[in-house]
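These notes concern the structure reproduced below.
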Amino acid sequence: MKGVIRDVIPQLELFQPNSADDALALLAEHGSDAWVYAGGLDTLDWFKDRVKRPRVVVDLGGVESMREIRSTSDGIEIGAMARLIDVVNHPDIQARFPALALSAKTAASPQIRNQGTIGGNVAQDTRCWYYRDGWTCYRAGGNICYASPPTAMNREHCILGASRCVAVNPSDTAPVLVALDAEMVIRRGRAERVVPAAEFFVGPEIDIERMTALEAGDLLMSIRVPSTWSGARVYFEKVRDRDTWDFALVNVATALRESGGVIQDARVVVNGVAPTPVRLTAVENAIRGQARNEQTANRAGDVSIQGTVALAQNGFKVNLMRNLVRRSIRDEVMTEA
Ligand SMILES: Cc1cc2nc3c(=O)[nH]c(=O)nc-3n(C[C@H](O)[C@H](O)[C@H](O)COP(=O)(O)OP(=O)(O)OC[C@H]3O[C@@H](n4cnc5c(N)ncnc54)[C@H](O)[C@@H]3O)c2cc1C
């Protein structure tokens, strides 16, 4: 394996704007030479390992306006620079979207939640160790996937949606945002576009070198969570190797609207199983109009694993996903991590 240097960051030019307009102007000026720096927790690994070497870094730490979390006429708008701990503790998020607060609370460790931002959490790169250690895989511009052969270390990789690359999306907040029909507000220069969370995450079949819709010059400004699912039953659960802190092996976010014990509408989303969070529309269709009971939950679990393809070492994820989807419909909603 190639040696890595974990102490000295290669030389770069650091900009610390204190407004979003200035940050956007810098990104426009430097294009693909520039790297957006939020909390730095994903970023600094890349820089210290010298695997990514941007010429210019635009640190958003001084852009106070991007930290705001505010209630709007139709929900809540979370500034991309709001820290994970701010999402966990915000009273309106706790009251209206407790599953989002819970997902942020299960992400990483207290120290990381105190520094890491929600924007960085959804925009973070995959944790495939071959890719992160600088192997020239497909995702890194090469023409091979080191993680997919039977002899590779692929216990944490895809069981769905692989397209040459088998790396998974590691975010805990992402599946909840997709389930809540959130929207990502993105700016490039003066132009703003609003992308549904479900389309924000990009798989290798669209672009193998990025995980999201963000491209050079783009700034994720905020995340809008509409009232659509406020007050509905929204279940989040994450299974990881260590309960102190760890990335998800599989997580699930299920939003259900019920009337008289019958499921009227549903969003069922899993992450940690594919290069993007996956909305399981076949499960949603199977449970809509059904009573919320053990039988419906079992059926949902069985439908959820249709089309899965396990690698040599991650077959356990198939059962794990089936059980998480089943529990997300059957069990009481959890409020504590
Ligand atoms: C040890 C460890 C354990 C972790 N465990 C978990 C876990 O269990 N669950 C989980 O979900 N996450 C986990 N994480 C990930 C952590 O939550 C993220 O690294 C963190 O949220 C990234 O946020 P950041 O603010 O530090 O982003 P940064 O590292 O600064 O940025 C991450 C990426 O997003 C881009 N970016 C950030 N903000 C913007 C923006 N506004 N516009 C455009 N691009 C942007 C950056 O350019 C970069 O590519 C872990 C991280 C570490 C180091």
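In each ligand, atom 1 is the first atom listed, and ligand 1 is the first ligand listed. This chain uses plain numbering: 1 for the first residue, then up along the sequence. Note that these values count all heavy atoms, side chains included, but never hydrogens, waters or copies made by symmetry.
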### Message
Against ligand 1, does Arg240 come closer than 4.0 Å with any heavy atom?
### Response
no

### Query
Does an N or O from Ser171, backbone or side chain, lie closer than 3.5 Å to an N or O of ligand 1?
no

### Message
Please determine whether side chain to side chain contact (heavy atoms under 4.5 Å, CB included) holds for the pair Val56 and Leu26, giving the CA-CA distance in whole Å, both sets of side-chain angles, and the decisive distance to 0.1 Å.
### Response
CA-CA 9 Å; Val56 167; Leu26 287 161; 6.0 Å; no

### Message
Considering non-hydrogen atoms of the protein only, which is the closest contact for atom 19 (O) of ligand 1, and what is the distance?
### Response
Asp42 N, 3.6 Å

### Task
Mind checking whether Ile118 contacts ligand 1 via backbone (N, CA, C, O), side chain (CB onward), both or neither, at a 4.0 Å heavy-atom cut-off?
neither

## Note on the structure
Ranking Ala108, Pro170, Ala23, Gly79 by closest non-hydrogen atom to atom 7 (C) of ligand 1, top hit is Ala108

### Message
For a 4.5 angstrom cut-off between non-hydrogen side-chain atoms, does His90 reach Gln94?
### Response
no

### Query
Side-chain donor-acceptor pair under 3.5 Å between Asp92 and Ser71, yes or no?
yes

### Message
Give me the residue, atom name and distance of the protein heavy atom closest to atom 15 (C) of ligand 1.
### Response
Gln124 OE1, 3.2 Å

### Task
Please determine if Thr173 has a nitrogen or oxygen closer than 3.5 Å to a nitrogen or oxygen of ligand 1.
no

### Query
What are the atoms of ligand 1, with element, lying closer than 4.0 Å to any heavy atom of Lys238?
7 (C), 8 (O), 9 (N)

#### Entry: Numbering as shown, the atoms of ligand 1 that approach Leu84 to under 4.0 Å (heavy-atom distance)
17 (O), 21 (O)

### Query
Judging by distance only, is a nitrogen or oxygen of Gly116 under 3.5 angstrom from one on ligand 1?
no

### Query
Could Arg127 and Phe247 be counted as a cation-pi pair, given that NZ or CZ must be under 6.0 Å from the ring centre and within 45° of the axis?
no

## Note on the structure
Filtering Asn251, Ile223, Leu41, Ile112 for the heavy atom nearest atom 52 (C) of ligand 1 leaves Ile112

#### Entry: Sub-3.5 Å N/O-N/O distance, Gly39 and ligand 1
yes

### Query
Would Leu256 and Tyr235 satisfy side chain to side chain contact (heavy atoms under 4.5 Å, CB included), going step by step from the backbone distance to the final call?
CA-CA 9 Å; Leu256 295 183; Tyr235 183 104; over 6 Å; no

### Taking every non-hydrogen atom, the tightest pair across Pro196 and Val194
CD-O, 4.0 Å

### Query
Polar-atom distance check: Asp45 versus ligand 1, any N or O pair below 3.5 Å?
no

### Atoms in ligand 1 with a heavy atom of Val36 nearer than 4.0 Å
39 (C), 40 (C), 44 (N), 45 (C), 46 (C), 47 (O)

### Query
Under 4.0 Å from ligand 1, counting heavy atoms only, is it the side chain of Asp246, its backbone, both or neither?
backbone

### Task
Compute the shortest N/O to N/O distance between Thr117 and ligand 1 and return yes if it is under 3.5 Å, no if not.
yes

### Message
With heavy-atom distances below 4.0 Å as the criterion, list the atoms of ligand 1 near Leu219.
### Response
42 (N)

#### Entry: Cationic N near anionic O, under 4.0 Å, Glu192 to Arg187
no

### Distance filter under 4.0 Å to Leu214 heavy atoms, resulting ligand 1 atoms
43 (C), 44 (N)

### Query
What protein heavy atom sits nearest atom 13 (C) of ligand 1, and how far off is it?
Phe247 CE2, 3.2 Å

### Task
Please indicate whether any nitrogen or oxygen in Gly119 is less than 3.5 Å from any nitrogen or oxygen in ligand 1.
no

### Task
Please indicate whether Arg242 has more than 12 foreign heavy atoms, meaning atoms of other residues, nucleotides or ligands, lying under 6.0 Å from its CZ.
yes

### Query
Does Asp218, backbone or side chain, put an N or O under 3.5 Å from an N or O of ligand 1?
no

### Task
Using a 4.0 Å heavy-atom threshold (strictly under), name the region of Leu44 that reaches ligand 1: side chain, backbone, both or neither.
neither

### Summary
Closest heavy-atom approach to atom 36 (N) of ligand 1 among Pro54, Ser103, Ala20, Ala123 is made by Ala123

#### Entry: ligand 1 versus Ala80: contacting region, heavy-atom distance under 4.0 Å
side chain

### Message
Any heavy atom of Trp245 closer to ligand 1 than 4.0 angstrom?
### Response
yes

#### Entry: Sequence-distant partners of Arg240, side-chain contact (heavy atoms from CB on, under 4.5 Å), two or more places apart
Thr106, Lys238, Asp243, Asp246

### Task
For a side chain to side chain contact (heavy atoms under 4.5 Å, CB included) with Leu220, tell me which candidate from Ile186, Thr212, Val36 qualifies.
Ile186

## Note on the structure
Short version for Leu60: what comes under 4.0 Å of ligand 1, heavy atoms counted, is side chain

### Chi angles and distances behind the side chain to side chain contact (heavy atoms under 4.5 Å, CB included) call for Met321, Ile159
CA-CA 10 Å; Met321 183 166 107; Ile159 54 170; 4.2 Å; yes

### Message
Which residue and atom name correspond to the protein heavy atom nearest atom 9 (N) of ligand 1, and how close is it?
### Response
Asp172 OD2, 2.7 Å

### Query
Is there a donor-acceptor contact under 3.5 Å linking the side chains of Thr228 and Asp181?
no

### Summary
atom 27 (O) of ligand 1 sits nearest the protein heavy atom Gly120 CA, 3.4 Å

### Pairwise side-chain contact, Asn169 with Met211, heavy-atom cut-off 4.5 Å (strictly under)
yes

### Message
Heavy-atom distances under 4.0 Å decide this one: backbone, side chain, both or neither, for Arg242 against ligand 1?
### Response
neither

### Query
Between the side chains of Asn251 and Asp172, does any donor sit under 3.5 Å from an acceptor?
yes

### Side-chain donor/acceptor of Asp22 to backbone N/O of Asn18, under 3.5 Å
no

### Message
Taking 4.0 angstrom as the limit and counting only heavy atoms of Ala38, give me the atoms of ligand 1 inside it, by number and element.
### Response
25 (O), 27 (O), 30 (O), 37 (C), 38 (N)

### Message
Ignoring hydrogens, what is the shortest heavy-atom contact between Thr276 and Gly203? Give both atom names and the distance.
### Response
CG2-N, 3.4 Å

### Task
List every atom of ligand 1 that sits less than 4.0 Å from any heavy atom of Ala107, numbering the atoms from 1 in the order shown and giving each element.
7 (C), 8 (O), 9 (N), 10 (C), 11 (O)

#### Entry: Plane angle bin for Trp46 and Tyr131 - parallel if under 30°, tilted between 30 and 60°, otherwise perpendicular
perpendicular

#### Entry: Test item: Glu68 side-chain N/O and Ile78 main-chain N/O as donor-acceptor pair under 3.5 Å
no

### Query
Should you measure from each heavy atom of Thr43, which atoms of ligand 1 turn up under 4.0 Å away?
28 (P), 29 (O), 30 (O), 31 (O), 48 (C)

### Query
Between Ser222 and Glu77, is a side chain to side chain donor-acceptor pair (under 3.5 Å) present by the stated rule, with each step listed?
CA-CA 6 Å; Ser222 63; Glu77 182 151 3; 2.6 Å; yes

### Query
Hey, does Leu220 come in under 3.5 Å of ligand 1, counting only N/O atoms on both sides?
yes

### Message
With heavy-atom distances below 4.5 Å as the criterion, would you say the side chains of Leu219 and Met66 are in contact?
### Response
yes

### Distance from atom 17 (O) of ligand 1 to nearest protein heavy atom, with residue and atom
Asn121 ND2, 3.1 Å

### Query
Identify the closest protein heavy atom to atom 49 (O) of ligand 1: which residue and atom is it, and at what distance?
Trp35 CZ2, 3.7 Å

### Task
Measure the distances from the heavy atoms of Val122 to every atom of ligand 1 and state whether one is below 4.0 angstrom.
no

